[in-house]
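Hydrogens, waters and symmetry mates are skipped; everything else that's a heavy atom, side chains included, is used. Chain identifiers are assigned alphabetically (A, B, ...) following the order of the sequence lines, protein sequences preceding nucleic acid strands; residue numbering begins at 1 within each chain.
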Amino acid sequence: MQKALLITPQLCTGCRQCEMACSYEKEGVFNPARSRIRVFDFHAEARFVPYTCTQCDQAWCKSACPVDAIQIDFATGAKVVYENRCVGCKVCTIACPFGTVNYNADTGKVVKCDLCGGDPACAKACPTRAITYVDAEQTGYDKMRVWAMKTDTAHQAQA
Amino acid sequence: MSWTGKFLRVNLTEGTVKSEALNREWARLYLGQRGLASKYLAEEIDPRVDPLSPDNKIIFTTGPLTGTNASTAGRYSVVTKGPLTGCIACSNSGGMFGAELKNAGWDMIIFEGRAAKPVYFHVENDRAELRDAQPFWGKTVWETDAGLKAHHQDPMLRVATIGASGENGVLFACIVNDLHRAAGRSGVGAVMGSKNLKAVAVRGSKGVRVKDPVRFLKSVAEQKQVLADNAVTSQGLPTYGTQVLMNVINEVGALPTRNFQDVQFDGARRISAEAMREPRRSDGKANLVTNAACFGCTIACGRISQIDPGHYTIVNRPEYRHASGGLEYEAAWALGAATGVDDLEALTFANFLCNEHAIDPISFGATVAAAMELYELGAITSKETGGIILTFGSAEALTALAELTGKAQGFGRDIGLGSKRLCAKYGHPDLSMTVKGQEFPAYDPRGIQGMGLSYATSNRGACHLRGYTVASEIMGTPVKTDPLVTDGKAALVKAFQDATAAFDSAGICIFTSFAWTLENVAPQLDAACEGEWTADYLLEVGERIWNLERQFNLAAGMTAKDDTLPKRLLKEAAKTGPAKGLASGLATMLPEYYAQRGWSAAGVPTAETLKRLALA
């Protein structure tokens, strides 16, 4: 089964545990500035929204890369940056419509989410289940379930 | 690790910035944050200095766990000599700023001297420089935060700043970071203002390292689970915030009302956590929009509120029609019960103003309460207030004064003196509900006896965060004690004070202590930091810090006479509730406390005590 990160912003408290888990997994230090997943705080609207790469099937970043440094991990479906090939040209950062591929000035390479090889650290670290790792074909399951309950009005008719 | 091992020293007089190595021996003895910065302050300034003179220093400091993924590990403190109290001041804040400073590679920043012109301090990893703050001088917290982000083209900049209150010597001016988190008490913002230092703006991307990552991650995961399994930290605080206490404390007859004339407030329910969650009749929405976490916090007690757009306070002020930091318990009490105001929306607006203008809502509300009593006695008249009808229960007076005090204008300048100086100025010093010049927080020591001793002996003046025996006396954590008796409270207060000093020095939030003891903190510190960190040793560190702070205050001129409570709490009994007929039994507890501490009858640490704690 292919899995995907499912983000439920309403559950996010803005704690940044995901950013720390990601940066630790990828960089070996707690460093939110280097996290592949970012939490956005829309303070005036009281909303926190985590955001990261959704692993497009036809990935713009991959298509744009002139040196084939972005490859598909067939086990997870993740688009993975191979640092030994990346030349830091940043074309992928332009090509990605969502801004989820970013340049790291310390290494001269780009970084993006690679789903941690199928066990994403952000999802494990999230204390509120705002980030989960679920069946890619069923990311809407819980939302459908909620609405399914609302559409069944039979019990109201009987009442 | 997990200290960065270096700090910045900024001489504002000379305009110089230099990097210095952290004193590792002091880190072993004082851990970090509150303890370590207090050691630096005590070593570097004469305790008798005028707090608002260039001779005072102000230290922004993180703890060793700050910036790690330990739960709540995003704290920083501001340590200085406080202008409200003349005591050592240490104000602790959450939000994102502390972790950012650590990520920039610094354990602390020590500011000394006074800048000739307004400046702010900009740190971007190794690059740190003083910059001209003239364009931001006089601006609010919210304007300065947005202005600095725009100026540096850096939306991820973390800003800690003062408002006009701190620039103009409001004695309970605070420092606000991330728009609505505050290093709140003792007037640390006024010290910043006295130095012409408007703001500290930080951006860090160096990362935080720990000693033994494998052991650390395991320990952190275990301790997060402890928080997740505890009813207070996993349900009570995220759902209701600290405001979960409003109805509880009112029930036990310990909710100081109308400047401590009463211990129960008939409007408590209307300003409670439950009220914040109820849909309003006007627009069908609740005051509370969501809860929010500070950096790394798996509890998420923060309140984000939105004021009723039709409420009189903002009906003509669209700039306040957005969500921001809502009422925590202490603020709701000070702005509400203390002043007799039961209009939740007005309290929320006053709270917004306190954040926007960087004033401590506890001291502000408590001082307004004292002013209301003075007004009702006729000691203050509408002539002094500029026409404000300052009676108990007036939401209009409260919100008007929040704005005037925040901007240091009109009668707000008198309120900005704090309760002690205000009451003295208007001839009724006994009506000031303060210890060592600092206003009380939200627990009446007649209904919770241990808190009376805790307030009287707190090293930063009246404060709930120096020894929160409410946890034991009301909530039964870690053991239930009777709030109405004085027996055993001396030992309880000492235990809470020492443990709290250790929590405050680690980089984590004291709210974890509803579920954690030092036994839960020690393994995380031990895995993160060089040296050996056990719960027993942390308690010793906490006791050492407490005595260091005490010695600072004694050298600053405090004596045992200052370890007292206002006459009202010692002589006037509670009129209602479970504590009816009781005054504070401080006189019984204090000598026992001195003995427990190993202090003389005059409240001075004995030579033996100092030696035991490596303080002599």
Side-chain angles (χ1 to χ4, degrees), chain A residues 8-51 99 102-111 116 119-132, chain B residues 2 65-74 95-96 99-100 102-104 125 142 145 155-156 178-180 203-210 213 216-217 220-221 224-225 227-228 234 238 288-306 321-326:
Chain A
T8 312
Q10 306 94 282
L11 296 176
C12 178
T13 62
C15 78
R16 273 74 172 181
Q17 283 286 347
C18 55
E19 295 184 359
M20 279 185 283
C22 177
S23 59
Y24 185 80
E25 181 73 24
K26 295 299 167 199
E27 311 281 340
V29 289
F30 301 111
N31 188 353
R34 293 279 175 265
S35 174
R36 279 72 168 151
I37 188 165
R38 303 306 294 262
V39 177
F40 293 86
D41 176 358
F42 300 100
H43 179 72
E45 296 168 45
R47 291 193 294 139
F48 298 101
V49 186
Y51 194 64
N102 285 286
Y103 178 65
N104 179 345
D106 291 345
T107 59
K109 313 283 182 186
V110 296
V111 295
C116 298
D119 189 16
C122 55
K124 276 190 291 185
C126 180
T128 63
R129 296 183 57 79
I131 306 164
T132 51
Chain B
S2 180
L65 291 180
T66 306
T68 70
N69 74 335
S71 187
T72 78
M96 302 287 155
E100 199 73 25
K102 190 75 169 283
N103 260 290
N125 294 329
W142 296 353
D145 192 285
M156 285 149 71
D178 303 293
L179 303 176
H180 65 110
R203 177 70 186 285
S205 59
K206 297 187 121 185
V208 175
R209 290 170 173 79
V210 293
F216 182 72
L217 290 180
V220 162
K224 280 179 184 162
Q225 194 56 47
L227 296 175
S234 75
L288 180 75
V289 188
T290 188
N291 66 322
C294 294
F295 183 90
C297 177
T298 57
I299 302 172
C301 75
R303 305 291 90 184
I304 305 291
S305 284
Q306 188 149 2
R321 280 183 214 148
H322 59 79
S324 193

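In terms of the side-chain contact (heavy atoms from CB on, under 4.5 Å) criterion, residue partners of A:C122 (sequence neighbours excluded) are, by chain and number, A:L5, A:C18, A:I37, A:P120, A:I131.
Neither the backbone nor the side chain of B:L227 comes within contact range of chain A; no heavy atoms are under 4.5 Å apart. Only the side chain of B:V289 has a heavy atom closer than 4.5 Å to any heavy atom of chain A. For B:I299, no part lies near chain A; criterion is any non-hydrogen pair under 4.5 Å. At a 4.5 Å heavy-atom cutoff, the contact between B:A300 and chain A is made by side-chain atoms alone. For B:A73, no part lies near chain A; criterion is any non-hydrogen pair under 4.5 Å.
Closest non-hydrogen pair, A:P32 versus B:F295, comes out as CG-CE1, 3.7 Å.
Listed options B:A292, B:A293, B:A228, B:G325 were ranked by heavy-atom pairs under 4.5 angstrom with chain A; first place goes to B:A293.
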Would you mind checking chain A against chain B for donor-acceptor pairs under 3.5 Å and listing them?
unit_1 : atom_1 : unit_2 : atom_2 : d
A:T13  : O      : B:A293 : N      : 2.8
A:C15  : O      : B:G296 : N      : 2.6
A:Q17  : OE1    : B:K224 : NZ     : 2.8
A:Q17  : NE2    : B:N69  : O      : 3.1
A:Q17  : NE2    : B:G296 : O      : 2.8
A:F30  : N      : B:V208 : O      : 3.0
A:F30  : O      : B:V208 : N      : 2.8
A:N31  : ND2    : B:S205 : O      : 2.8
A:H43  : NE2    : B:S324 : OG     : 2.9
A:A44  : O      : B:A323 : N      : 2.8

